[in-house]
Amino acid sequence: IALAVIILSKAYKRHVIRLVIYFLVADTFQAITHIIDVTPIEHVNGEVVVKEGAEGLCAFYGFLDQIALWMCNVAIIWIMLYMLWIANKLQRIQRGVSPTKNKVSIKTELIGLCFLLFFPLTFNWIPFIWNMYGISGLWCWIKESRGYCEEYELGLTLIFTLFYGPLIVIVTFSFVSLMA
């Protein structure tokens, strides 16, 4: 609905609204990956397992989920950086200093869009090295361990390094930026 309103009202001509569009598209992709994440999963005798022959599909869906999560993270960082830029510009105006250039160039926006699309691909392939994408609880994502009686160090290290650690940094950055 939000995308339709933006398109019909032609609000997409403003840079900040295009940032919202990028976030909405990434978030929609993330929602779709969350839906398909559970398709290779079934419940057998009260236990959650991957359907016969769907291990590769589960790993691929887990990878897509991780890519989508990171696209949303990049969009949030981009929005926060833009807000800081606007706040800095307003502060300069209040101090009587002439403001910097008003518009974000198309080249800069295209670089940001390419970063949003391709940055998540630069490191989210790493769990494939150890075959660590697959069933993780009730859905497909980074596995906590390779098997029932195996150590959790590798899985938890990947989960915290590729998701929770950076997420804590992003949330902290967003909070500090908002306060600024």
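Just so it is clear, the model here is predicted, and its values are computed rather than measured.
Residues Asn73 and Leu167 form a side-chain contact, since some pair of their non-hydrogen atoms from C-beta on lies under 4.5 Å apart. Side-chain contact check for Ile67 versus Leu121: some heavy-atom pair is nearer than 4.5 Å. Counting heavy atoms from C-beta on, the side chains of Ser145 and Leu154 never come closer than 4.5 Å. Contact annotation: the side chain of Tyr22 never approaches that of Asp27 to less than 4.5 Å [non-hydrogen atoms, C-beta and beyond]. Looking only at side-chain heavy atoms (C-beta outward), Ile41 and Val50 come within less than 4.5 Å of each other. The shortest distance between side-chain heavy atoms of Leu84 and Asn88 does not fall below 4.5 Å. Between Phe29 and Val25 there is no side-chain heavy-atom pair separated by less than 4.5 Å.
A 6.0 Å sphere centred on CG of Leu110 holds more than 12 heavy atoms belonging to other residues, nucleotides or ligands. Within a 6.0 Å radius of CZ in Phe175, no more than 12 heavy atoms belonging to other residues, nucleotides or ligands are found.
Thr161 OG1 to Ile142 CD1: the interatomic distance, rounded to the nearest 0.5 Å, is 9.0 Å. Rounding to the nearest 0.5 Å gives a distance of 10.0 Å between CG of Asn124 and CG of Asp65. Note that CD of Gln66 is 12.0 Å distant from CE of Met71, once rounded to the nearest 0.5 Å. Within the model, atoms CG of Leu19 and CE of Met83 stand 11.0 Å from one another, a figure rounded to the nearest 0.5 Å. The distance from the SG atom of Cys140 to the CG atom of Leu57 is 7.5 Å, given to the nearest 0.5 Å. In this structure, His43 NE2 and Glu47 CD are separated by 11.0 Å, a value rounded to the nearest 0.5 Å.
When each of Phe60, Tyr61, Trp139 is checked for a side chain to side chain contact (heavy atoms under 4.5 Å, CB included) with Ile36, only Tyr61 meets the rule.
In this structure, the ring of Trp70 has its center less than 6.0 angstrom from the ring center of Phe123. Taking the six-membered ring for Trp and the full ring otherwise, the centers of Trp125 and Phe128 sit at least 6.0 Å from each other.
By the rule that hydrophobic residues join a cluster once side-chain heavy atoms approach within less than 4.5 Å of another member, Leu24 and Ile17 end up as members of one cluster. Ile111 and Phe23 fall into different hydrophobic clusters, where Ile, Leu, Val, Met, Phe, Trp and Tyr residues are linked whenever their side-chain heavy atoms come under 4.5 Å apart, directly or through other members. Ile168 and Leu158 fall into different hydrophobic clusters, where Ile, Leu, Val, Met, Phe, Trp and Tyr residues are linked whenever their side-chain heavy atoms come under 4.5 Å apart, directly or through other members. Side-chain heavy atoms closer than 4.5 Å link hydrophobic residues (I, L, V, M, F, W, Y) into clusters, and following such links, even through other members, never connects Val176 to Met80. Transitive grouping of hydrophobic side chains (ILVMFWY, heavy atoms separated by less than 4.5 Å) keeps Val169 and Val171 in distinct clusters.
The aromatic rings of Phe115 and Phe119 sit parallel to each other, their planes meeting at less than 30°, with 60° as the upper class boundary.
No side-chain N or O of Glu55 forms a donor-acceptor pair with one of Tyr133 less than 3.5 Å apart. For Ser105 and Thr108, the side-chain atoms include at least one donor-acceptor pair closer than 3.5 Å.
Taking both residues in full, the closest heavy atoms of Thr33 and Leu64 are given as CG2-O, 3.8 Å, listed atom of the first, atom of the second, then distance. When every heavy atom of Leu113 is checked against every heavy atom of Trp78, the shortest pair comes out as N-CH2, 3.5 Å. Between Gly62 and Asp37, the shortest heavy-atom contact is N-OD1, 4.0 Å. Of all the heavy atoms in Ala54 and Pro40, the pair that sits closest is CB-CB, 3.8 Å. Closest approach of Lys13 to Arg18, counting heavy atoms only: O-NH1, 2.9 Å. A pairwise comparison of heavy atoms in Glu144 and Ser136 identifies CG-OG, 4.3 Å as the closest pair.
Seen from the ring of Trp141, Lys143 does not count as a face-on cation partner, given the 6.0 Å and 45° thresholds.
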